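First comes the structure, then the notes that go with it.
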Amino acid sequence: AQLRTFLADARRDPSDNPWYAACAASVEVFRHFAAEPDLARRRYAVVRQVPALREREIVTVFQYERLFDEYLRAELPGLDPIDAVAFAAAVTAVHNHVLRRLLRGTEDVPEQVLWDAYDALLHRFGVHPDGEDARADDVVVATFPRRMPTAEVARRLRDAL
């Protein structure tokens, strides 16, 4: 409910970048756990030991993904649904990876680690936090056979860059 409110507030500001807002919403969840890391670590230990709680965590993760997916589709009309699903899943996966570093470790993980990961993710999707979809210095022209799978095109471009 708090994330829905957060995203609804972002929706009211037309200058907000929806991609960035999804990341920022995820950071809100991270902040909740990072505010009391010892409590979060104890909670994590209990959840790992109780199958019903582990299953509930899986459902919660899916709810986050769905919330981000629905938000992006609503805010970016014409967005390919696969891009919305992929970005929502990536935001959630990155969040969970960084959060697990906090929960499994003995040291605090600064919020900036998560923001740095989201900056890289936004860049992979061709989005910049300032709302620009592309910058002149990021333009790449490449040609590939029409039938080449998109994943292979992406892999080759990633290797080339």
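Not measured: the values here are computed from a predicted model.
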Fill in: Nearest-0.5 Å distance that lies between atom CG in Leu3 and atom CD in Gln63
10.5 Å
Fill in: Straight-line distance of Phe33 CZ to Leu103 CG, nearest 0.5 Å
7.0 Å
Practice prompt. Would you check, one step at a time, whether the test salt bridge (Lys or Arg N to Asp or Glu O under 4.0 Å) holds for Asp9 with Arg12?
Written response: CA-CA 5 Å; Asp9 289 345; Arg12 288 187 198 105; 2.3 Å; yes
Discussion item. Side chain to side chain contact (heavy atoms under 4.5 Å, CB included) for Phe68 and Cys23? Distances and angles first, verdict last.
Written reply: CA-CA 9 Å; Phe68 299 147; Cys23 294; over 6 Å; no
Discussion item. Quick check: do Arg41 and Arg104 have side-chain heavy atoms less than 4.5 Å from each other?
Written reply: no
Which side-chain N or O atoms in residues 50-60 pair as donor and acceptor under 3.5 Å with protein atoms at least two apart or in another chain?
| residue | atom | partner | partner atom | Å |
| --- | --- | --- | --- | --- |
| Arg54 | NH1 | Arg48 | O | 2.6 |
| Glu57 | OE2 | Arg43 | NH2 | 2.6 |
| Thr60 | OG1 | Arg56 | O | 3.0 |

Worksheet item: Can you tell me how far the CZ atom of Phe87 sits from the CG atom of Asp80, to the nearest 0.5 Å?
Response: 14.5 Å
Worksheet item: Once the angle between the rings of Phe125 and Trp19 is folded into 0 to 90°, is it parallel (under 30°), tilted (30 to 60°) or perpendicular (over 60°)?
Response: tilted
Item to complete: Applying salt bridge (Lys or Arg N to Asp or Glu O under 4.0 Å), run through Arg42 and Asp38 and close with a yes or a no.
Response: CA-CA 6 Å; Arg42 287 194 306 269; Asp38 291 335; 5.6 Å; no
Worksheet, complete the sentence: Distance col, row Asp69:CG vs Phe62:CZ, nearest 0.5 angstrom, shows 8.5 Å
Item to complete: Answer with yes or no whether the hydrophobic clustering places Tyr20 together with Leu76; edges join I, L, V, M, F, W, Y residues whose side-chain heavy atoms lie under 4.5 Å apart.
Response: yes
Worksheet item: In Å, rounded to the nearest 0.5 Å, how long is the span from CZ of Arg155 to OG1 of Thr150?
Response: 13.5 Å
Worksheet, complete the sentence: When every non-hydrogen atom of Ala84 is compared with those of Leu72, the smallest separation belongs to O-CD1, 4.0 Å
Fill in: Arg100 and Tyr44: side chain donor to acceptor below 3.5 Å
no
Discussion item. Contact between Ser26 and Tyr64 at the side-chain level, heavy atoms closer than 4.5 Å - yes or no?
Written reply: no
